[in-house]
Engineer: 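Can you keep this structure in mind? I'll have questions shortly.
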Amino acid sequence: MLVLLGLLAAGPALAANTLEGVSATPLPGGKVQVTLTFSGPATAPQAFSTNTPPRIALDFADTSNGLKQRQLPINQGTAQAVSAVEAGGRTRVVVDLSQPSAYVTSVAGNDVVVTIGNGMGAATAGAPAEAAPEAAALAPVPPPPPTQMAYAGATDNPAKAVPLASGNVITAVDFRRGEHGAGKLVVDFSAPGAATSMHASSDTTTIQIAGASLAASQARRLDVTDYATPVRSINTHPVPGGARIDVDTRGVVQTAAYQSGNEYVVEFSPPAPEANNLLGAPKPVVYKGSRVTFNFQDIPVRSVLQLLADVSGLNIVASDSVRGNVTLRLVNVPWDQALDVILRAKGLAKRQNGNVIWVAPQTELAEYEQSIADARQKQLEGSQLVTDYIPISYGNAKDIADLLTSGAKAGNVGGGGGTSSERGFLSSRGSVSYDERTNTLLVNDTPEKVQEIRQLVSVLDRPVQQVLIESRLVIATDNFTRELGARLGVGGFHLGDNSRHAQIFGGSASDVTSTATSITNYWNSILQPGSTSSSSGSNNLPTIPTGLNVNLPSTTTGTSSFAIGILGKDYLLNLELSAAQQEGRSETISQPKVVTANNQEATIQQGTQIGYLTFQNSGAGGGQGTATVQFKNAVLELDVTPTITSDNRVFMKLKVIKDALNQLVPNPGGGFVPQIDHREIDTSVLVDNGQTVVLGGVYEFQNETDVTKVPFLGDIPILGALFRDKKNINNKAELLVFITPHILGQETTVE
């Protein structure tokens, strides 16, 4: 015992130093100076900062925590509070900030002074205009040596930064993958004392390093995408007075930086999922009681419960089986949390009714609650059954009756009518039936169960929302045809003066033959007067060939032509130019509408059934066979199944068909078979209420040029137009499908 008491007495002396006080002094420009006072000469801490949440952490080795409060509020500048925690022979002091801020730490005797800037501007050590009483008693602090000063400010001009270690060089910039998908940037220096600052903007985190030059081999860009961390690339380049590192990240990241000796480490980690956001995770317990501090050695549990009753102002009743002692040391914790800790430590549980808390062992409470449940079950089994009639307005009584009994764990046993202990929503003795004519439920059960079923039916028997589905099918066509043609005919003959010789030319051999016959008759009438061939008189005059050499006219409907002819004594020249142009534009808009209930399929059709004949041979002898009439649909059809979501949007499973008759194709067996232009879209889409969405479209474009010409002659510039027929066809067709759902009852008008 004496040895134990000696160790306990010597415990505080084992640490080389003790943190005794914390004070804060505001400085001009929104800065604040936090002074940490120790029992002995202070040493430079290991400091690092985090951006999310914004904090400054200072680690003091071989130091114990002598503060009476765990957290001290400051609320000056960007500093919000200071907290200190002791563990493993060292003390960590954490300064909570309202935003990431630059800071400077310096050591002066027994004090460590932390000067915090207003944001990420440079934080320079300075004294307030009017020092606090605690600070006025301190002797002037000489400038600290470089090894005792940690500079974490970002300056606009790195060239003006004060070098903290002359000749310091950044020897390596490396990247590693940490735990849980985190990325770790490691910067190695040739000597300690480099000043670093970090700030984030969008997806880029910038690290400024002052007082250290960058080795030539480290001015490079690292692509670290393959590491599968939030960091994508690292770009390092020198700047006046130091170096700059730009880290490109993706998504939301949490950063933490710390410096140890010659190494500066920045960790980039994805945000950890909160436990209360996980599916099925229990909600965290929130303690709201006043804070208490307990430090007891082997104290009876009943005495602790009495102290908690005095603090909380509630009545705490302990069961006779609550016994034993407990040793506890709780500092600044809510009283309700302290109560839960004590109950878990001793295997106890609590039940609260109003301002009275009953504390007993868990087994005793479980047996008590089980006995109450058994008594209630016996009361239900012995209670009188009642019969109730529940009319159903919007649903189906048979479906609701099946739902009420669908949870039965076992049916009737044999033919004796025995039932299970649980039958869906009914009790073990309850029953339900229905009347289809009046759509009414007939329930026979205990009064409590009947009331529960009535409440359940009131929830289920509600009108189903209805949806108006409005669709528009737009078919737009644009047709253009232009054709240029020509017909050219040259014919004639020449008769000799002293002979029956003649030269004949025309468009075809038949024209030449016909002219030759007329010339022969002409000579016969002259040489043999009175002959049969000469009796026709003027009919024996020679005829000029009238055939066409080029016959390529325009064949387009609505062709316009222009013709000229030159007729001489023994020749004929005729020319006809024809041209036609057709333009056609059409729009076909179909607008089917249908109203249906939620989750119910609806179909609407409009169109024509086209009948046609088919023939089937009946027998080996052949023949035309038996004629059968069949039909093909050329209709506009809309099939839709809407589902209203919880956020008042409509999910639709759609099928839209637009058919039209193209032409009638002759059937070899007789009659015609219709050829159908088929357009169909089958899809699913999620649309806001009243929003119009374009489901899809088909765009067709036809560009055709037909040229019919006389070889070689049709290729002659300008004159070649007399020997060819040219036709240009440009056709365009576009199909668009629009859908607009309207939840009825939520819109005033639907056009």
Side-chain angles (χ1 to χ4, degrees), residues 46-57 97 99-103 117 119-123 150-159 161 164 168-190 192-272:
Q46 294 289 338
F48 64 93
S49 63
T50 61
N51 288 342
T52 308
R55 290 176 179 173
I56 299 173
L97 306 176
Q99 61 177 326
S101 302
Y103 67 95
M120 291 306 298
Y151 182 85
T155 60
D156 296 333
N157 188 359
L164 302 183
N168 200 353
V169 180
I170 301 176
T171 58
V173 178
D174 195 10
F175 183 81
R176 305 167 189 170
R177 177 180 169 86
E179 298 180 355
H180 308 293
K184 184 181 293 185
L185 173 64
V186 181
V187 182
D188 293 331
F189 300 92
S190 60
T196 60
S197 66
M198 179 176 60
H199 66 275
S201 175
S202 186
D203 289 339
T204 302
T205 301
T206 302
I207 303 172
Q208 297 279 0
I209 301 176
S213 60
L214 181 65
S217 60
Q218 301 303 315
R220 57 182 179 173
R221 183 181 184 276
L222 301 177
D223 188 353
V224 295
T225 307
D226 295 340
Y227 283 84
T229 67
V231 181
R232 290 184 288 188
S233 64
I234 301 171
N235 190 7
T236 307
H237 51 86
V239 296
R244 175 176 172 176
I245 303 176
D246 294 327
V247 182
D248 185 16
T249 60
R250 56 184 173 187
V252 180
V253 296
Q254 294 179 347
T255 58
Y258 59 90
Q259 190 169 356
S260 177
N262 298 4
E263 191 176 68
Y264 177 69
V265 180
V266 183
E267 294 185 354
F268 301 87
S269 58

Engineer: Would you please name every residue forming a side-chain hydrogen bond (donor to acceptor under 3.5 Å, both in side chains) with Thr225, sequence neighbours left out?
Structural biologist: Asp223
Engineer: To the nearest 0.5 angstrom, please state how far the CZ atom of Phe268 sits from the OG1 atom of Thr249.
Structural biologist: 7.0 Å
Engineer: Supply the atom-to-atom distance His237 NE2 to Ile245 CD1, rounded to the nearest 0.5 angstrom.
Structural biologist: 9.0 Å
Engineer: Please give me the minimum heavy-atom distance between Ser101 and Gln99, naming the atom from each residue.
Structural biologist: OG-O, 3.1 Å
Engineer: By side-chain hydrogen bond (donor to acceptor under 3.5 Å, both in side chains), which residues pair with Glu267, not counting sequence neighbours?
Structural biologist: none
Engineer: State which residues pass side-chain hydrogen bond (donor to acceptor under 3.5 Å, both in side chains) with Arg177; sequence neighbours excluded, sorted by chain then number.
Structural biologist: none
Engineer: What pair of heavy atoms forms the shortest contact from Leu214 to Ala243, and how long is it?
Structural biologist: CB-CB, 4.1 Å
Engineer: Please report the closest heavy-atom contact between Pro230 and Val253, naming both atoms and the distance.
Structural biologist: CB-CG1, 3.2 Å
Engineer: Taking the side chain as every heavy atom from C-beta outward, state whether Pro100 and His199 have any pair of such atoms under 4.5 Å apart.
Structural biologist: no
Engineer: Nearest 0.5 Å, please: how far is CE in Met198 from CD1 in Ile207?
Structural biologist: 6.0 Å
Engineer: By the salt bridge (charged side-chain N to carboxylate O under 4.0 Å, His left out) test, which pairs, at least two apart or in different chains, include something from residues 235-253?
Structural biologist: Arg232-Asp248, Arg244-Asp246
Engineer: Please list all pairs meeting ring pair (Phe, Tyr, Trp, His ring centres under 6.0 Å) that have one or both residues in residues 204-224, counting only residues at least two apart or in different chains.
Structural biologist: none
Engineer: Donor-acceptor pairs under 3.5 angstrom involving side-chain atoms of residues 181-190: please list them, not counting sequence neighbours.
Structural biologist:
residue: Ser190; atom: OG; partner: Asn168; partner atom: OD1; Å: 3.2
residue: Ser190; atom: OG; partner: Val169; partner atom: N; Å: 2.9

